[in-house]
Amino acid sequence: MSVVTVIYAILFYAAALIFVVGVGRKIFIFATTPQPLKIPTTPAPTTRVGVWARMMREVVVFESLFKSNKWIWLFGWLFHMCLFAELAWHLRYFTEPTPLFVTWLHWFTNFTGFGMVAGLLGLWARRLLVDRVRYISGPSDHLMLALLVGIGASGLVMKFIMHTDIVAVKAFFLGLLRFSIQPLPADPALMAHLAMVALLMIVFPVSKLLHAPGVFFSPTRNQVDNPREKRWTRGWSAEYDNTKLDSAE
Amino acid sequence: MADFQTPALREYPIIPLLHEGTMAHSRPFVAKPEHQASVGFPGELVENWEQKAVDKLGELVSKSRALQVFLDSCVKCGACTDKCHYYLGTEDPKNMPVARQDLLRSVYRRYFTFAGKYFPKLVGARDMTKDVLDEWYTYFHQCSQCRRCSVFCPYGIDTAEISMAARDVMDHVGLGQKYSNEIIGKLHKIGNNLGLPEPALRDTLEGLEEDVKDETGVDVKFPLDVKGADILLITPSADFFAEPHIDGLIGYAKVFHAAGASWTISSYASEAANFSMFIGSHDNLRKVALRIRKAALDLGVKRIIFGECGHAWRVAYSFLNTLAGPFEFLDPKYPVPQHICEYTYDLIQRGKLNFDKSANDNLVVTFHDSCNVSRASRMGDMPGGQFKIPREVIKACVNNFHDMAPDTINESTYCCGGGGGLLTDDLMELRVKGAMPRMQALKEVVDEHGVNHVAAICAICKSQYTKVLPYYKFEMDMIGSVHGLVSKAIRLNPVND
């Protein structure tokens, strides 16, 4: 068992633990913090089904962003859709047998790595070139882009230039899932790729990546517009009984 | 007129480049101890205020999912950066919604997040210092809480929620804004923002009856405190005095008259406005809302209708049932509350009103969608009814109507520049500059379609327009009430069924 294998095994166990516990904790906080007033951004759906449709449009086609700015939408949507395809494609390292739908992605994944990096570079260019976006960008915003570009680029290197032993990689990750550590190839591109992925998982719960769970809990997007039809009370607004006031005086 | 430059209106709207610090000097008058006391806040900056501010912020975040999600989720994508009328009009980067949020988010991060505690420089986290507090006071009083940014944010982050929270924190450590807090205090004491007591209100309404009688020869009533009336009208107190608001009030009265409705105003709840929303104070918000419940019970009415007022309609439509409900004692056939435009629209649909549109033929009308009505409420059964219904009411009363550019109306409407507790003379520069995008859109329809009248359904919008129109070389009486148009065109002989 090489040192590299042991280090990466520990790294991924730790990263997975931090990711699951950290994001789980944040989702718990989002879910249990009450929203005392109705604040959907209107016009808003008047039914639960309508809200589901609105949320789907937000997370699948980025409806609000599309209304807002076509460049950010183009780069952002390209990046996220390619990332999503890549994440699904990477399921083949964690499943045996690989689910059928993953194999359907094979053709797309010739492009999704490039799409990811292109989208990220577009977003980064805006951070550097548009004065308004430059003003609001902090060090962490640039570092996050660097990290994601690094992950995409190292993946592309492995796919198109320096191939790695993906059978061994798969054995390593399946091994991790079964608590039996298998040797990991010590290729530089793979080392870099995996280290950056682990870092991304570690920073996820304490960074702006929380927008991923956050969007589902956003009251301006997920509330039904029916305050007159159905009395809404949560948190502090549920602590009062106004009917008790009526007879007092 | 003043020691600042009114922004130029251009041929086409542009997104300006940043000019840092252009509005760093803008600060509304600070509330005096007696104003603070009247709304339940300390009179001056308390001891150990830094810690108390941080504690209050933590408490607010723990009690509001909106704040929690909004503070954690922003990715600084930049989608909102060109959406705020105050940024477009002042070019000050701290008036970009995300930059305004970050004034507070930086403090939240410092005290409540791992990254901000251990890597403050990396994520732009800041200690709660006097400089930060001053910056909050300056820039959280340059947000009219219009929610335009929230329409365009991919996560629906609403800067209004954050500016309300910031103002609430400031109030709790003893730094309040005079304009809003003084007015809320008056409302608690007397029942309306103007501090108009019952006898004066009665006098005013009797005067209006005489005026309408002189003008039309018809006995249109303006009832006050009539027990057993069907309808309780809650309207902004500006409707009792200010121009052009008062024409709206006359319009409501004529509609009620033509419909043969039994209605009343309450001297106890003689105010639709609830500025407590602007300062993010839930206790004050509820206290004011409960006046309406009490008035409705005391007078024994069957339904509640609100007059033309933007933020009041948000509080009424979205919050009243929550804050002051349940309203099971009212007639379940009607939504609680209703907007006067819904009421008039319904009568028009049912053919109960007669209009002579030619009475408004001297006007080419456009409609200003008020922010809180557009983005924080609804009218009628359908999403978007808040856009359709007032326009239908206008079109029933006028022959010449043209909308402003599509990206400046409906859900994308630009604030008049005076909402959110900023309608005060000590913020005149901000108000004039913030009105620029709206004035730009207005200029386009004035030039292309000869528009000479803007109808609005918000007391703040009407007052703000009256003040800022002259800065942009428009006539100040271009602004009017939607029910002012109704008032002109309506024929008062009741229509037979």
Side-chain angles (χ1 to χ4, degrees), chain A residues 26 29-30 33-39 41-46 50 58 62 64-65 67-69 72 76 123 126-127 130-133 135-141 143 203 205-208 210-211 214-215 217-221 225 227-229 231-233 235-237 240 242-243 245-246, chain B residues 17-18 62-66 68-70 72-83 93 96 98-99 102 113-115 121-124 147 150-158 161 282 286 290 293 297 317-319 321-326 335-336 374-378 383-384 386 411:
Chain A
K26 209 76 212 198
I29 291 171
F30 288 160
T33 305
Q35 176 52 40
L37 295 173
K38 278 272 187 178
I39 62 163
T41 309
T42 60
T46 54
E58 284 297 351
F62 300 2
S64 296
L65 190 57
K67 283 184 202 166
S68 176
N69 185 305
I72 307 178
L123 292 171
R126 287 187 55 82
R127 285 208 189 283
V130 179
D131 66 338
R132 302 187 311 280
V133 192
Y135 180 89
I136 59 168
S137 299
S140 58
D141 301 305
L143 288 173
V203 300
V206 295
S207 72
K208 64 178 186 177
L210 288 170
H211 70 278
V215 62
F217 291 96
S218 178
T220 56
R221 293 292 180 272
D225 175 24
R228 290 193 291 190
E229 293 80 2
R231 184 163 182 248
W232 174 267
T233 59
W236 63 257
S237 69
Y240 304 102
N242 295 325
T243 57
L245 299 173
D246 300 342
Chain B
L17 292 174
L18 310 180
S62 72
K63 289 181 176 176
S64 161
R65 180 185 293 172
Q68 181 73 59
V69 170
F70 295 167
D72 279 334
S73 299
C74 178
V75 301
K76 317 288 160 85
C77 71
C80 62
T81 54
D82 58 347
K83 302 299 185 280
M96 297 189 295
V98 47
D102 276 353
T113 69
F114 176 87
K121 288 261 159 49
L122 206 59
V123 294
R147 313 187 94 203
S150 87
V151 170
F152 295 101
C153 173
Y155 318 113
I157 297 174
D158 181 7
E161 291 294 315
H282 303 140
R286 178 166 179 273
L290 284 173
R293 180 184 183 86
L297 279 164
Y317 173 87
S318 293
F319 306 156
N321 200 4
T322 297
L323 296 169
V336 183
S374 301
R375 292 184 281 257
S377 78
R378 175 164 52 104
Q386 67 269 40
E411 69 170 355

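In the text below, chain A, chain B and the rest are named by the order of the sequence lines, each starting its count at 1. Hydrogens, waters and symmetry mates play no part in the numbers below; they use all other heavy atoms, side chains included.
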**Item:** Within 6.0 Å of NZ in K67(A), more than 12 heavy atoms from elsewhere
**Value:** yes

Flag the one option from [options] with the top tally of heavy-atom pairs under 4.5 Å to chain A.
options                            : value
P335(B), P93(B), G78(B)            : P93(B)
S377(B), C80(B), A115(B)           : S377(B)
Q68(B), R286(B), E161(B), K63(B)   : R286(B)
P154(B), G325(B), C153(B), G384(B) : G325(B)
S64(B), G124(B), S62(B)            : S64(B)
I157(B), L17(B), D102(B)           : L17(B)

Can you tell me which of [options] forms the most heavy-atom pairs within a distance under 4.5 Å of chain B?
options                            : result
R221(A), H211(A), R132(A)          : R132(A)
I29(A), T42(A), T33(A)             : T42(A)
L123(A), V130(A), D141(A), V203(A) : D141(A)
D131(A), V215(A), L65(A)           : D131(A)
E229(A), E58(A), R231(A)           : R231(A)
S137(A), G50(A), S140(A)           : S140(A)

Quick check on [X] against chain A: is it the side chain, the backbone, both or neither that has a heavy atom closer than 4.5 Å?
X       : value
K83(B)  : side chain
C74(B)  : backbone
L122(B) : both
S318(B) : both
V151(B) : both
A376(B) : backbone

Check for a donor-acceptor pair, side chain of [X] on one end and backbone N or O of [Y] on the other, with a separation under 3.5 Å.
X       : Y       : answer
Q386(B) : S374(B) : yes
S68(A)  : A79(B)  : yes
D158(B) : R147(B) : no
R375(B) : E411(B) : yes
N321(B) : V336(B) : no
W232(A) : Q35(A)  : yes

**Message:** What part of W236(A) gets within 4.5 angstrom of chain B, counting heavy atoms only: side chain, backbone, both, or neither?
**Reply:** side chain

**Asked** Which region of F62(A), side chain (C-beta onward) or backbone (N, CA, C, O), has a non-hydrogen atom less than 4.5 Å from a non-hydrogen atom of chain B, or is it both or neither?
**Response** neither

**Item:** Verdict with reasoning, S73(B) to K208(A), per side-chain contact (heavy atoms from CB on, under 4.5 Å)
**Value:** CA-CA 6 Å; S73(B) 299; K208(A) 64 178 186 177; over 6 Å; no

**Fill in**
Sequence neighbours excluded, the answer for salt bridge (Lys or Arg N to Asp or Glu O under 4.0 Å) partners of R293(B) is D246(A)

**Request:** For the residue pair D225(A) and Y317(B), confirm or rule out a side-chain donor-acceptor distance under 3.5 Å.
**Result:** yes

**Message:** With no hydrogens and no angle check, just 3.5 Å: does a side-chain donor-acceptor pair link S150(B) and T41(A)?
**Reply:** yes

**Interatomic distance, H282(B) atom NE2 to F319(B) atom CZ [nearest 0.5 angstrom]** = 8.5 Å

